[in-house]
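For reference, the structure discussed in these notes is given below.
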There are 2 protein chains.
Amino acid sequence: MFRALADATRRDIVTRVMNEGISVSRLATSYEMSFAAVQKHVAVLQSAGLVSKERNGREQIVRGNLSSIHRIQHLLSHFEEVWKQRALRMGDVLNDDD
Amino acid sequence: MFRALADATRRDIVTRVMNEGISVSRLATSYEMSFAAVQKHVAVLQSAGLVSKERNGREQIVRGNLSSIHRIQHLLSHFEEVWKQRALRMGDVLNDDD
DNA sequence: ATAATATACAACCAAATGGTTGTATGTGAA
DNA sequence: TTCACATACAACCATTTGGTTGTATATTAT
């Protein structure tokens, strides 16, 4: 999941489709790469559970996956807290050091 | 930076060295890979600014980089907020949808 | 029915990634 | 000084990644 978010294009896609569902082809027009490349990015995001697709006529609408987004938020807060605490303790260590 | 954190070993290293400075060789004993591999991971983290090294005799002590960690926390909170808001708006869209 | 659009997917490619071993260098210990 | 340890780094390798083009299929429009 970290890996799926490690690509700038994919982060951008996730951010955009969280707003509103956007078709793959419409997404594709926003990037300087082929349709197929964008489609692959969407596939990566989908298999990481970050977005889902819903057929609408001949289009495939991509939307951010609410539950997985909540899961990420949770993960991030957790990381944040652990790190904050470690950082505090690290301050102590620095004082205590030598 | 997302990329540097996309590897599990590196996330683990970051988490550990935030506690206390640990030498590269001591870190290396914790993983099922060569010393050189661990050393490379540390180098990646270092060039992403997530950790810094400090010479102590013949050892090189790796510590989490407080300021960059704060930066990450900031970034993560920002992402979190943006996503939260989008998610809320998305809830609206879903109600409004169809 | 035919054409055009939107997508999926395979095959391919270059570059990046994550690992290895080997070698060189700096530092502490005997 | 000599040995051992800790590190740095180069060269190499396999796999993954991010991109391409080409082809097939589904759906809408004419």
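Lettering of chains follows the sequences in order, A, B, ..., and the numbering in each one begins at 1.
Contact annotation: B:Gln39 side-chain N/O to D:dC9 OP1/OP2 distance is not under 4.0 Å. Between A:Arg55 and D:dA26, a side-chain N or O to OP1/OP2 separation shorter than 4.0 Å is absent. Taking only side-chain nitrogens and oxygens, A:Arg10 comes nearer than 4.0 Å to OP1 or OP2 of D:dG18. Applying the 4.0 Å criterion to OP1 and OP2 of D:dT17, one finds that A:His41 has every side-chain N and O outside that range. Here A:Ser25 does not reach the OP1 or OP2 of C:dT5: none of its side-chain N or O atoms lies under 4.0 Å away. Look at B:Arg58 and you won't find any side-chain N or O under 4.0 angstrom from OP1 or OP2 of D:dC3. The side chain of A:Thr9 places no N or O atom within less than 4.0 Å of a non-bridging phosphate oxygen (OP1 or OP2) of D:dG18.
Rounded to a whole Å, the CD1 atom of B:Ile22 is 15 Å from the P atom of D:dA6. In this entry the distance linking CE of B:Met33 with P of C:dT21 reads 13 Å, nearest Å. As rounded to whole Å, 10 Å separates atom P of C:dT20 from atom CD of B:Glu32. Look at CD1 on B:Ile61: it is 12 Å from C1' on D:dT7, rounded to the nearest Å. When rounded to the nearest whole Å, the span between CG of A:Asn56 and P of D:dA26 equals 18 Å. Protein atom CZ of A:Arg11 is 11 Å distant from nucleotide atom P of D:dG18, rounded to whole Å. The nearest whole Å value for the distance from the CD atom in A:Glu59 to the C1' atom in C:dA6 is 7 Å. Remark: C1' of D:dT17 and CG of A:Leu45 are 14 Å apart, rounded to the nearest angstrom.
The minimum heavy-atom distance linking A:Glu54 with A:Gln60 is given by the pair C-OE1, 3.5 Å. In terms of heavy-atom proximity, A:Ile22 sits nearest to A:Arg16 at CD1-NH2, 3.8 Å. Across all non-hydrogen atoms, the minimal contact from A:Leu50 to A:Ser68 is CA-OG, 3.5 Å. In plain terms, the two heavy atoms of B:Lys53 and B:Gln46 that are nearest each other are CE-OE1, 3.0 Å.
Using a 4.0 Å heavy-atom criterion, one finds that B:Arg26 contacts no nucleic acid atom at all. Residue-level contact check: B:Ala43 touches neither bases nor backbone, having no heavy atom under 4.0 Å from any strand. Counting any heavy atom pair closer than 4.0 Å across all strands shown, B:Ser23 reaches sugar-phosphate atoms only and no base atom. Across all strands, B:Ser34 comes closer than 4.0 Å to base atoms (heavy-atom distances).
Projected onto DNA chain D by closest heavy-atom contact, A:Asp7 and B:Lys53 fall at different nucleotides, the more 5' of which corresponds to B:Lys53.
Out of C:dG19, C:dA6, C:dA8, the shortest distance to the side chain of A:Gln60 is found at C:dA8. Listed nucleotides D:dG18, D:dT17, D:dA8 differ in distance to A:Lys40; the shortest reach to its side chain belongs to D:dG18. The listed nucleotides are C:dT7, D:dA8, C:dT21; the one nearest the side chain of B:Ala36 is C:dT21. In the set D:dA8, D:dG18, C:dG18, D:dA8 carries the atom at the smallest distance from any side-chain atom of B:Phe35.
Put simply, the side chain of B:Val17 reaches to within 4.5 Å of the side chain of B:Val51, judged on heavy atoms.
Remark: side-chain polar atoms of B:Arg10 are not paired, donor with acceptor, to backbone N or O of B:Asp12 under 3.5 angstrom.
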